[in-house]
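We number each residue from 1, following the sequence as shown. All of these numbers come straight from a predicted model, not from anything done at the bench.
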Amino acid sequence: MAASSTTLRRIGFTAVAFGLFVGGAELAARLYEYITYGTMHVDGAPIGLYGPPDPHGGRTLQPGASLEGSAGNIHVNSMGFRGVEISAQKPPNTVRVWCLGGSTTFDILATEDFNTWPAKLEAHLREKVAPVNVEVINAGIPGEHVNTNLRDLRRKGPGLSPDLVIIHQGPNDLRSIANQKFPPIFPKPSLVSGMSAYRVLWDFLPPPLPNNDWADRTLDVADMGELRRGIDNLVSEAQRQGALPVIASHGFAASKDGGDREAWWRLGRDARGYGLTPTGLVRAYEAMNGMFSDIAAQRGVPFVDLRNAVGTDPEHWGDGIHFSDAGADRAGRLLADALVDGNHVQVRRR
């Protein structure tokens, strides 16, 4: 009897110690997230960044949101765009540029609002076309798709009168297309996967190994009809509003011929969400960018190849698909050069 009582006490002590350890680790991870990002996360979304869901689908940014942490600061203006306040009516002698997309346009890893590539585009354009004023609107919303970009452009574009619309989109739509073709089989959300400690640990671990069963999976232009129609609709809407649409290819950190190891190291975290191997994801991105180039040629609108212009130097990438500050500056400068060299930065009278 005494032995059984001792065993039970040991089990109880171990359970309590384990619970305290897990609780302490979770508390420390939450504190780490708050210090790093200026907020907590629920279901992968930072608290305070998003406004109420749009009744027609898609996300909105919370006007006036401010997230300040050691990894960077994010501010959303009163119109729901990342960055400084702008007037509802375009000032005289001003070129307005509307940059649309998801997290890679919002520039989620930029350390400050002025370090995003749309902000860098504004700064470099102002240097080149003074005394003409330039305002660049960062209309990117993390997680958003082409159709919700189209909705936002239709709603807000006419009042803000953009002269150029930069279409920098693709990853979220491509993931949705991939998930339709390759229905994902991932573990259901659990108590563990929802913990801050799990997210923090995941960020410090190497990318997951490729799933060899997916080696023959491919995603090509034939699968991207819906995305193609979405980009085409964005071009048409920009033109309808009297703006010049500009299509930009989408960069990523792995080179085309870098091999399986480089693709795994650079894109291993992202590839799982597409149900593809990292090498398969490289091929899918290349096919998507080729499609973007074809659309631009067919519609007779400018195409800027950011993919090849920014390149794959690790200095330019914060992760597999999001720029570092250095990469954002390079992307903004290259876009500014392309727009000015093509004589596309003009105040359009409407």
Side-chain angles (χ1 to χ4, degrees), residues 57-59 99-106 139-154 165-186 210-211 214-239 245-257 263 266-310 312 320-322:
R59 290 171 166 172
C99 299
L100 57 79
S103 62
T104 55
T105 297
F106 182 87
I141 300 178
E144 284 309 273
H145 295 71
V146 165
N147 287 338
T148 47
N149 288 164
L150 179 62
R151 173 205 66 196
D152 292 343
L153 183 60
R154 284 172 173 168
V165 174
I166 309 295
I167 301 171
H168 180 251
Q169 185 51 288
N172 295 323
D173 289 86
L174 195 66
R175 185 185 299 108
S176 295
I177 293 167
N179 290 169
Q180 292 167 14
K181 186 174 181 180
F182 312 119
I185 303 176
F186 300 125
N211 188 328
W214 298 350
D216 295 329
R217 291 183 173 188
T218 60
L219 199 65
D220 54 33
V221 173
D223 301 307
M224 302 178 193
E226 185 177 351
L227 176 55
R228 186 184 192 101
R229 286 188 293 274
I231 299 295
D232 201 58
N233 287 337
L234 283 171
V235 170
S236 295
E237 180 60 26
Q239 292 174 330
V246 178
I247 301 176
S249 63
H250 206 287
F252 53 98
S255 57
K256 182 177 180 180
D257 302 314
R266 302 287 185 87
L267 294 175
R269 297 184 189 278
D270 301 281
R272 285 278 172 144
Y274 293 77
L276 298 168
T277 64
T279 303
L281 183 56
V282 170
R283 290 195 293 264
Y285 265 72
E286 293 289 359
M288 179 184 73
N289 284 330
M291 182 181 71
F292 290 167
S293 176
D294 289 343
I295 295 172
Q298 291 173 9
R299 296 297 301 269
V301 301
F303 175 74
V304 181
D305 191 2
L306 281 185
R307 154 64 171 160
N308 288 315
V310 174
T312 60
I321 61 173
H322 296 94

**Student:** Search all heavy atoms of Ala238 against all heavy atoms of Leu153 and return the closest pair with its distance.
**Tutor:**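 Here Ala238 and Leu153 meet closest at N-CD2, 4.2 Å.
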**Student:** ring-ring contact (aromatic ring centres under 6.0 Å, His included) with His322: which residues, sequence neighbours excluded?
**Tutor:** none
**Student:** Taking distance alone, no hydrogens or angles, what donor-acceptor pairs closer than 3.5 Å link side-chain atoms of residues 225-232 to residues at least two apart or in another chain?
**Tutor:**
{"unit_1": "Arg228", "atom_1": "NH2", "unit_2": "Gln298", "atom_2": "OE1", "d": "3.1"}
{"unit_1": "Asp232", "atom_1": "OD1", "unit_2": "Arg299", "atom_2": "NH1", "d": "2.7"}
{"unit_1": "Asp232", "atom_1": "OD2", "unit_2": "Arg299", "atom_2": "NH1", "d": "3.4"}

**Student:** Search all heavy atoms of Phe292 against all heavy atoms of Ala248 and return the closest pair with its distance.
**Tutor:** CD1-O, 4.0 Å
**Student:** On a heavy-atom basis, which atom in Gly268 and which in Pro278 lie closest, and how many Å separate them?
**Tutor:**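 So the minimum-distance heavy-atom pair works out to CA-CG, 4.0 Å.
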**Student:** Scan residues 166-177 for pairs that pass salt bridge (Lys or Arg N to Asp or Glu O under 4.0 Å), counting only residues two or more places apart or in two chains.
**Tutor:**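 Those involving residues 166-177 do not exist here.
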**Student:** Which heavy atom in Pro302 sits nearest to a heavy atom in Pro245, and how many Å separate them?
**Tutor:** CD-O, 3.3 Å
**Student:** Got Arg59 and Thr148 here, is their nearest side-chain heavy-atom distance under 4.5 Å?
**Tutor:** no
**Student:** Do Leu267 and Val282 come within less than 4.5 Å of each other through their side chains, counting heavy atoms only?
**Tutor:** yes
**Student:** Could you work out, with side chain to side chain donor-acceptor pair (under 3.5 Å) as the rule, every residue matching Asn308, not counting sequence neighbours?
**Tutor:** Asp305
**Student:** Which pair of non-hydrogen atoms, one from Met224 and one from Ala287, has the smallest distance, and what is that distance?
**Tutor:**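 That closest heavy-atom pairing would be CE-CB, 4.0 Å.
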**Student:** Could I get the full list of side chain to side chain donor-acceptor pair (under 3.5 Å) partners for Thr312, not counting sequence neighbours?
**Tutor:**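 None.
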**Student:** Drop me the distance from Leu100's CG to Ile141's CD1, to the nearest 0.5 angstrom.
**Tutor:**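 Here the rounded value is 10.0 Å.
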**Student:** Between Trp214 and Leu276, is there a side-chain heavy-atom distance shorter than 4.5 Å?
**Tutor:**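 Leu276 vs Trp214: side chains apart.
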**Student:** Could I get the full list of side-chain contact (heavy atoms from CB on, under 4.5 Å) partners for Asn233, not counting sequence neighbours?
**Tutor:**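 Listed in chain order: Leu150.
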**Student:** Between Leu234 and Val165, is any pair of side-chain heavy atoms under 4.5 Å apart?
**Tutor:** no
**Student:** Between Gln169 and Asn149, does a side chain to side chain contact (heavy atoms under 4.5 Å, CB included) hold up when you go through it step by step?
**Tutor:** CA-CA 9 Å; Gln169 185 51 288; Asn149 288 164; 2.6 Å; yes
**Student:** Between the main-chain N or O of Gly273 and the side-chain N or O of Asn179, is there a donor-acceptor pair closer than 3.5 Å?
**Tutor:**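 Side chain of Asn179 to backbone of Gly273: a pair is present.
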**Student:** Among all residues two or more places apart in sequence or in another chain, which pass the ring-ring contact (aromatic ring centres under 6.0 Å, His included) test with His145?
**Tutor:** none
**Student:** Are any of the side-chain heavy atoms of Val246 and Val301 separated by less than 4.5 Å?
**Tutor:** no
**Student:** Under the rule for salt bridge (charged side-chain N to carboxylate O under 4.0 Å, His left out), what residues qualify as partners of Lys256, not counting sequence neighbours?
**Tutor:** none
**Student:** Report yes or no: do Asn172 and Glu144 form a side-chain donor-acceptor pair below 3.5 Å?
**Tutor:** no
**Student:** With sequence neighbours left out, write down each residue that passes salt bridge (charged side-chain N to carboxylate O under 4.0 Å, His left out) with Asp223, or none if nothing qualifies.
**Tutor:**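 In terms of salt bridge (charged side-chain N to carboxylate O under 4.0 Å, His left out), with neighbours along the sequence ignored, Asp223 is linked to Lys181.
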**Student:** I'd like to check Met288 versus Leu219 (side-chain heavy atoms, cut-off strictly below 4.5 Å). Are they in contact?
**Tutor:**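 Contact flag for Met288/Leu219 side chains = no.
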**Student:** Scan for side-chain hydrogen bond (donor to acceptor under 3.5 Å, both in side chains) pairs involving residues 276-286, sequence neighbours excluded, and state none if there are none.
**Tutor:** Asp260-Thr279, Tyr274-Tyr285, Glu286-Arg307
**Student:** With Ala253, which residues qualify under side-chain contact (heavy atoms from CB on, under 4.5 Å), at least two apart?
**Tutor:**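 Partners of Ala253 by the side-chain contact (heavy atoms from CB on, under 4.5 Å) criterion, ordered by chain and then number, come out as Arg266, Trp317.
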**Student:** Would you please test His250 and Leu306 for side chain to side chain contact (heavy atoms under 4.5 Å, CB included) and show each step?
**Tutor:** CA-CA 6 Å; His250 206 287; Leu306 281 185; over 6 Å; no
**Student:** Given 3.5 Å as the limit, does a donor-acceptor pair link the side chain of Arg154 with the main chain of Glu237, or not?
**Tutor:** no
**Student:** Spell out, as yes or no, whether a donor-acceptor pair under 3.5 Å connects the side chain of Ser249 to the backbone of Asn289.
**Tutor:** no
**Student:** Run the salt bridge (charged side-chain N to carboxylate O under 4.0 Å, His left out) test against Arg151 and tell me which residues pass, sequence neighbours left out.
**Tutor:** Asp54
